[in-house]
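Nothing fancy with the numbering, it's 1 onward along the sequence.
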Amino acid sequence: GQRVVHSAQHLHVGIGVDRDYPLHRYFLWAKHLELTLGGATPQLLMPHATARVAGMLAAMRAMSVSRFGGPEVLELVDLPCPEPLPTEVLVRVVAAGVNPVDWKTRAGRGMAGVLGDPPFVVGWDVAGVVEAVGRGVTMLAPGDEVFGMPWFPRAAGAYAEYVTAPSRQFARKPAQLSFEQAGGLALAGLTAWQILVDTANVQPGQRVLITAAAGGVGHLATQVAKA
């Protein structure tokens, strides 16, 4: 389906995007529309389209922290879509987790000292689909469903439509997990694993006390301990 709003200066076109349909054909369609309407500039509104068109990067949407503060400082903005460098992958974000470090950073605490002053895009937990790979990537390929917590404590910018990071910072998403489940797993799951396995070196037969076992880290730590 499509929606066309035409004014003297601008033309906004909303189209239903088939993810398997070559994106360049949408742009050819838009160019034809531009010529047909005598030079009016079409703007395609495609929320889940592939980021690459003939080697050029399209814009993406992101939730940006405009200044330190509460939820009201989050703004929907257009940013350049990142391009994967060698050993990196470009991931189309399907789900992004919201963790305490996100709102603490937004408020000027958390990782604010690492990210610097706003504007910036928060978010580290992410699950999505590999769209493109940089030179040297061998473990992942376009179309792979992945999840991870890239770049922490540096900015990952998961509150966006696309992220890039080294391929080793992602893992393939288990088929039995939804994107929403995988998108909230990495930070809490890694915390639980590092506490019990890497630091405490818990062994079979040992008894473990997990406080706040119903929390994000706690419910995962309970499962790791039982396993």
Side-chain angles (χ1 to χ4, degrees), residues 63 65 68 70-71 84-85 87-116 120-130 133-134 136-141 143-160 162-227:
M63 293 302 299
V65 175
F68 292 128
L85 299 175
T87 76
E88 292 185 346
V89 294
L90 172 70
V91 174
R92 173 173 56 82
V93 177
V94 178
V98 179
N99 292 287
V101 68
D102 299 321
W103 62 259
K104 289 178 182 178
T105 302
R106 184 202 67 216
R109 296 179 285 138
M111 293 298 111
V114 177
L115 272 58
F120 52 70
V121 178
V122 294
W124 283 275
D125 270 352
V126 62
V129 180
V130 175
V133 300
V137 175
T138 59
M139 301 300 293
L140 295 173
D144 286 345
E145 298 180 348
V146 297
F147 73 108
M149 190 187 73
W151 294 120
F152 191 86
R154 290 181 290 169
Y159 290 6
Y162 295 92
V163 297
T164 55
S167 60
R168 66 182 181 276
Q169 296 185 6
F170 292 99
R172 285 187 174 86
K173 181 182 74 66
Q176 63 269 33
L177 287 186
S178 68
F179 281 108
E180 291 77 12
Q181 291 170 327
L185 178 61
L187 190 151
L190 283 171
T191 302
W193 180 270
Q194 289 164 353
I195 292 171
L196 292 173
V197 180
D198 295 343
T199 302
N201 192 27
V202 172
Q203 299 297 313
Q206 292 182 327
R207 303 184 67 180
V208 178
L209 172 63
I210 298 174
T211 60
V217 174
H219 84 289
L220 294 170
T222 301
Q223 296 174 69
V224 172
K226 290 188 65 175

Exercise. For G97, does its backbone N or O pair with a side-chain atom of W124 as donor and acceptor, under 3.5 Å?
Worked result: no

Exercise. What's the spacing between L177 CG and F147 CZ if we round to 0.5 Å?
Worked result: 7.0 Å

Problem set entry | M111 CE to R106 CZ distance, which is reported to the nearest 0.5 Å | 15.5 Å

For this session: Quick one: which residue pairs count as a side-chain hydrogen bond (donor to acceptor under 3.5 Å, both in side chains) with a foot in residues 189-201, not counting sequence neighbours?
Result: N201-Q203

Exercise. Within a strict 4.5 Å, meaning less than it, do heavy atoms of the V129 and F179 side chains meet?
Worked result: yes

Exercise. Are the side chains of V114 and T105 in touch, meaning some heavy atoms are under 4.5 Å apart?
Worked result: no

Exercise. Between M139 and R172, which heavy-atom pair has the shortest distance, and what is it?
Worked result: O-NH2, 2.6 Å

For this session: To the nearest 0.5 Å, tell me how far F170 CZ sits from E145 CD.
Result: 14.0 Å

Problem set entry | Check: V93 and Y159 side chains under 4.5 Å, non-hydrogen atoms | no

Problem set entry | Gap separating the NZ atom of K173 from the CD atom of Q181, nearest 0.5 angstrom | 8.5 Å

For this session: Can you see which heavy atom on L115 is nearest to which on R154, and at what distance?
Result: CD1-C, 4.4 Å

For this session: Please name the pair of heavy atoms, one in A96 and one in A158, separated by the smallest distance, quoted to 0.1 Å.
Result: CB-O, 3.5 Å

For this session: Heavy atoms only: give me the nearest M63-V121 pair and the separation to one decimal.
Result: O-CG1, 3.6 Å

Exercise. Does the side chain of P150 come within less than 4.5 Å of V126's, by heavy atoms?
Worked result: yes

For this session: In sequence, state the C-alpha distance, the side-chain angles, and the governing distance for F152 and L190, and then conclude on side-chain contact (heavy atoms from CB on, under 4.5 Å).
Result: CA-CA 12 Å; F152 191 86; L190 283 171; over 6 Å; no

Problem set entry | Closest contact, heavy atoms only, G134 versus P84 | N-CB, 4.0 Å

Problem set entry | D125 versus A186, closest heavy-atom pair with distance | OD1-CB, 3.3 Å

Seminar exercise, completed: Separation between OG1 (T87) and CD (Q169), nearest 0.5 Å, reads 9.0 Å

Exercise. Does the side chain of L85 come within less than 4.5 Å of T164's, by heavy atoms?
Worked result: no

Exercise. Below 4.5 Å, heavy atoms only, C-beta onward: do V163 and W151 meet side chain to side chain?
Worked result: no

